[in-house]
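Let me begin by presenting the structure, written as C-alpha cells, before commenting on it.
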Amino acid sequence: MQRLVECVPNFSEGRNRGTIQALVAAVKAIKGVYVLDEEMDYDHHRAVLTIAGDPEAVAEAAFQAARVARDRIDLRTHQGGHPRVGATDVVPFIPIRGITMGECVALARKVGQRIGKELDIPVFLYEAAASHPDRKNLEVIRKGNLEGLASRMEADSHWAPDFGPQRPHPSAGATVVGARPPLIAFNVNLQTPDVTIAKAIAKKIRFSSGGLPCVKAIGVELSSRKVAQVSMNLTNFEETPIHVAFEAVRREAEERGVHVSDSEVVGLVPQQALIRAAEFGLKLQNFDPTQVLETRLDQVLAGTGGPDDSGSDLSASLRGFLKEVSAGTPTPGGGSVAALAGSLAAALGVMGCRVGAPAEKKTPPSEPANASQAALVLEPVERQLLALRDRLQALVQADADAYAGVVKAYRLPRNEPSRAEAIAASIQVATEVPLETATLSCEVAGLLRQLFSQTKPAVESDLRVGLLLALAAIEGGLENVITNLKQLKNQELINKITGKIQGIKRSLVELKKL
C-alpha cells in the first residue's frame, strides 16, 4: 500500500502572487509531492497550501517552502487579520494512508529541527508532536501574535523553543510545526462590518470557552469585503459537523440582529463531511454514501461493488476482514475487532432510530400536522450514532496502524538517537487509540439504552444486541489500553490515562444494568 501524508503549511502572505508562485514552485520541484490546493486571502494576509505524497518527499517540500518564505516574507511590514507568529506560520503533518500519527510526529520533529538549524528560525512543536502539554494548542503558542511570543521567549525560560535560536528571526519570526488529524477550515461571513459581533460569536461557540467540541474560532474583519467573519477550524468534523457549526453561528448571529451572508471552505474538505451536511440540509432519508456517483464509479472500477451485488451477499464484504484477522499476523487484532464491535453497535442504533421511529401522529385538520415529539427526539440521537459509527469504523484501521508504528519503532537500530523517542511516541498512540474505542463505545451504549424507551418494541432485540456489542467493545478497548499502559514511561501521561480508565469502568458498571 502506498504511504501518503498530507501537509498544510500556512504562510503569512496573501497579497503578493509572485511569492505564492515561488512557494508552489519550491514544492513542485520535489519528486513525489503533489500540490492539491492553494489559497490566498487579502484580508487575512495569509496563504495555505495543501500538499500530499511520499512522507519523506513531503517533509523535504515543506522545508524548502519554509526556506522560500524566510527569504521573501518580512513580518516587520506584515499587517493582516489572521493571527501569526512567522513567515511560515504553521506546518502540520497529517496521516492519510499507510502511515501512523507517531510517524507524522517524527516527520514534524525532523522538519522542525532542520528549520531551526538551517534557517535560524525558532520552532515550537504542537498538537501530537508537542513536547510540553501546555503547547499542544496552537492558539496558546500564537497568543499575542509574534510580539506576544517574543516577549514570553525573552522573559520565561519555559518558553524556550524546541529547536533553533532563543530569539525570533528578524524578518521570519518563528514557526510552529506539528502532527494532527485532518481538520476543516470553515468560515462564515456576516452581513455586518462590526467585528465585535463576530468576536462575540466566536467566543460563544469555540470549545475553549465552553462551546462546541473540536471547534476553534476567531472573529476577523474583512475590510475589502466590508463584512465581519467567524473563522473556524473544525478539528474533528465527526464530533462537530460543518452544518452544526454553521447553524450555531447563524443562531448566535440572529440573536444579535445579524444575518449570515455566506460561508466558505478554505483548502480541501473530506467528502464525508459534505455528505453529512447534505443529509442534514436536505433531510435525506435512508441515504447511502454509495449513492454518490463518483463513489459508485470508484467501487465498480475497483471491482468492489455496484448495484447488482450490493446486499446480495452480506458475508462477501466481511470475508476480507475476517481473513485478515484469521491470518498469522498480529494485525488486525483485538483492538481492531473491538472498534468494529463498537461501530456495529452504533449502526444498530441508527437502524433502531430509522426503523423503530414512532409513527407520525395524526392530528385534526385544525391542528398543524407535525411529527410526534418522540420522533423529533430521535433526530439528534441518530446524528450522534452516525458520527460514532464512522469514527469507530476508522479506528479499526487506526488500531492496526498504531501497532505497525510500534513495531517499526522497535526495529530502529539501537544506536539510532531518535529510537527511544520514536518508541515512546508509538506506544502512546497505541494506547490512545483503544482508549478512544472504549470511550466512544461508552457513548454508543448510553445512546442505545436511551433508545429503549423511545422506539418501537419491534427493534428492542436489535438494540439489545447493539448494547452487548458496545459493552464488548468497551472491555476489549480497555484490555488493550491496560496492556499498552505498562510500556509507557511518562508518569504524567500514565496518571491521566489511568484516570480515564477508572471513569470508563464506573460507566461500564452502570451500563451493564440492563
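Quick caveat: nothing in here was measured; it's all calculated off a predicted structure. We count residues from 1, following the sequence as given.
Listed by first then second residue, pairs satisfying salt bridge (charged side-chain N to carboxylate O under 4.0 Å, His left out) with a partner in residues 80-89 read Arg46-Asp89, Arg84-Glu147, Asp89-Arg142, not counting sequence neighbours. Pairs of residues two or more places apart, or lying in two chains, that qualify as salt bridge (charged side-chain N to carboxylate O under 4.0 Å, His left out) and include a residue from residues 11-36 are Arg17-Glu38. Among residue pairs with one or both ends in residues 417-426, those qualifying as salt bridge (charged side-chain N to carboxylate O under 4.0 Å, His left out) are Arg109-Glu421; sequence neighbours excluded. Screening residues 131-150 for ring-ring contact (aromatic ring centres under 6.0 Å, His included), with sequence neighbours left out, gives His132-His158.
In this structure, CE in Met232 is found 9.0 Å from CD1 in Ile242, a value given to the nearest 0.5 Å. For the atom pair CG (Asn145) and OG (Ser151), the distance works out to 11.5 Å, reported to the nearest 0.5 Å. With rounding to the nearest 0.5 angstrom, the CG atom of Leu4 is 9.0 Å from the OH atom of Tyr34.
Side chain of Thr240 to backbone of Phe237: no donor-acceptor contact under 3.5 angstrom is found. Between the Ser336 side chain and the Val396 main chain, a donor and an acceptor come within less than 3.5 Å of each other. The closest donor-acceptor contact from the side chain of Asn137 to the backbone of Val140 lies at 3.5 Å or more, if one exists at all. The closest donor-acceptor contact from the side chain of Thr483 to the backbone of Glu479 lies under 3.5 Å.
With respect to the salt-bridge test (charged N to carboxylate O, under 4.0 angstrom), the residues Glu154 and Arg167 do not qualify. Between Glu432 and Lys500 no salt bridge is recorded (no basic side-chain N to carboxylate O distance below 4.0 Å). Using a cutoff of 4.0 Å between basic side-chain nitrogens and carboxylate oxygens, Arg97 and Asp401 are not scored as salt-bridged.
Scanning for side chain to side chain donor-acceptor pair (under 3.5 Å) contacts around Asn495 gives Gln491, with sequence neighbours left out. For Ala422, the side chain to side chain contact (heavy atoms under 4.5 Å, CB included) partners are Ala409, Leu412, not counting sequence neighbours.
Within 6.0 Å of the OH atom in Tyr403, the count of heavy atoms belonging to other residues, nucleotides or ligands does not exceed 12.
A side-chain donor from one of Gln229 and Glu264 sits under 3.5 Å from a side-chain acceptor of the other. In the model, Glu221 has no side-chain atom that pairs as donor or acceptor with a side-chain atom of Ser223 under 3.5 Å.
Not less than 6.0 angstrom separates the ring centroid of His82 from the ring centroid of His45.
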